[in-house]
Amino acid sequence: MPELPEVETIKRQLDRVLVGQKIKLVEKLHKKSFQGESLKVMGKKIVAVKRKAKMIWIDLEGDLNLLVHLKMTGQLIYQGEVGKHTRVVFELSRGRLIFNDLRKFGWIKVVTNQQLQEHFTKLPPDVVDREFTVKYLEKILASTGRAIKLVLLDQQKTGGIGNIYANEVLFCSGIDPRRPANKIIGREVRFLHKYVRQVINQGIKAGGTTASDENFVNVFGKPGRFQNQLLVYENKTVCRRCGAKIIKIKLGGRGTYFCPKCQK
DNA sequence: CGATGTGCCTGGGGGC
DNA sequence: TGCCCCCAGGCACATC
């Protein structure tokens, strides 16, 4: 489940290896995974690779982009081999880019610059952006009584947090994931803001999280390292701070881990 | 309008 | 060993 740190890791690596190359051929192995006319992008040179929220786009010369959402199980692998879950193959001037996606939730779309902007206009600031301030967080928390974890996961409210990092951030902040968002005020908002930034940045620094499903690998097929620093997610043992047993519940249909003693 | 529920998908794992 | 069912969950979309 690539979240902001995993997508950012992939984006940085793609930017290093793809820029300057030309797309020679697009092979669509699964129709739904590639939307738009592949003919339009063949022969185009790659100018840059960028990210917004959990999306990556490959900026091509002229007015075209390849917008990518990896959703749950998408992988972009440079010089990868075609495998059972390969959905799209890009033959490039000096290499090959493979899009794998076991569960077929992910997609790649051919979009113009204007269509790209339309995808982004309704999105909130990413949590690593300058605009994601304490004040902004305060405002979105005050606007709803939904459980705080659901608000952190809501891509219309905060850009880039997924289930793993939401669990970790709330543990670090000492906040119960079920707490109504509008009951979190003052000092706790400042803590939450601080740990959102800190945990996400640590995740980026560690090259992302490869959880127990081992799905996430980077552009070179290598796992991340943040799983070694996880404090609650998939933790079936005890809290490292107080020794109480970590609890697992369902919240909004998602696995939620927390320490009942440290998180109030 | 906001909140909640459902479907998309496949493979791994538990129960029997 | 095999079969069935549940689970993982980001997001679009439908419904209340």
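The chains referred to below are lettered A, B, ... by the order of the sequence lines, with proteins before strands, and numbering in each begins at 1.
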*asked:* Counting only side-chain nitrogens and oxygens, does A:Lys54 get under 4.0 Å of the OP1 or OP2 atom of C:dG10?
replied: no
_Can you tell me the base-pairing partner of B:dG7? Count Watson-Crick or G-U wobble geometry only, both distances below 3.5 Å, and say none if there is no partner._
C:dC11
*Distance, rounded to the nearest Å, where A:Phe216 contributes CZ and C:dG10 contributes C1'*: 16 Å
_Any A:His85 side-chain nitrogen or oxygen under 4.0 Å from OP1 or OP2 of B:dT10_ = no
_Spacing between A:Leu70 atom CG and B:dC8 atom C1', to the nearest angstrom_ = 17 Å
*Are the aromatic ring centres of A:Tyr165 and A:Phe226 under 6.0 angstrom apart?*
yes
*Step-by-step side-chain contact (heavy atoms from CB on, under 4.5 Å) determination, A:Leu66 to A:Ile23*: CA-CA 11 Å; A:Leu66 286 168; A:Ile23 297 173; 3.8 Å; yes
_Euclidean distance, atom NZ of residue A:Lys52 to atom P of C:dG10 [Å, nearest integer]_ = 18 Å
*What is the distance from CD1 of A:Ile249 to P of C:dC7, rounded to the nearest Å?*
15 Å
_Side chain of A:Lys84 (C-beta onward), nearest among C:dA12, B:dG11, C:dG10_ = B:dG11
*Between atom CE in A:Met55 and atom P in C:dC11, what is the gap in whole Å?*
7 Å
*With sugar-phosphate meaning primed atoms plus P, OP1 and OP2, does A:Asn163 contact a base, only sugar-phosphate, or nothing at under 4.0 Å between heavy atoms?*
sugar-phosphate
*With the side chain of A:Lys248 defined as its heavy atoms from C-beta on, choose the nearest nucleotide among B:dT10, C:dA8, C:dC11.*
C:dA8
*Taking atom C1' of B:dT10 as reference, at what distance in whole Å does atom CG of A:Asp101 sit?*
10 Å
*From B:dG11, C:dC11, C:dA12, pick the nucleotide closest to the side chain of A:Lys71?*
C:dC11
_Touch class at under 4.0 angstrom, heavy-atom based, for A:Gly253 against every strand present_ = nothing
_Check for me whether the distance between the ring centres of A:Phe99 and A:Trp107 falls short of 6.0 Å._
no
*Could you walk me through whether A:Lys52 and A:Asp129 pass the side-chain contact (heavy atoms from CB on, under 4.5 Å) test, one step at a time?*
CA-CA 10 Å; A:Lys52 170 73 186 169; A:Asp129 288 350; 3.8 Å; yes
_Can you tell me which nucleotide in C:dC7, B:dT10, C:dC11 comes closest to the side chain of A:Arg103?_
B:dT10
*Roughly how many Å is it from CD in A:Gln155 to C1' in C:dG10, rounded to a whole number?*
8 Å
*Go through A:Tyr233 and A:Glu168 one step at a time and tell me if the side-chain contact (heavy atoms from CB on, under 4.5 Å) criterion holds.*
CA-CA 7 Å; A:Tyr233 185 76; A:Glu168 295 299 308; 3.5 Å; yes
*Using a cut-off of less than 4.0 Å, is there contact between a side-chain N or O of A:Arg254 and OP1 or OP2 of C:dA8?*
no
*Centroid-centroid under 6.0 Å between A:His193 and A:Tyr136 rings*: no
*Examine the side chains of A:Thr256 and A:Lys248 and answer whether a donor and an acceptor come within less than 3.5 Å of each other.*
no
Distances under 3.5 Å between nitrogen or oxygen atoms of protein and nucleotides 3-5 of chain B:
from  : atom 1 : to       : atom 2 : distance (Å)
B:dA3 : OP1    : A:Thr144 : OG1    : 2.7

*asked:* For A:Glu91, is there an ion pair with A:Lys24 - N to carboxylate O distance below 4.0 angstrom?
replied: no
*Short side-chain N/O contact to B:dC9 OP1/OP2 from A:Lys32, under 4.0 Å*: yes
*Rounded distance in Å - NZ (A:Lys104) to P (C:dC11)*: 21 Å
*Could you work out which one of C:dG10, C:dC7, B:dT10 sits closest to the side chain of A:Leu153?*
C:dG10
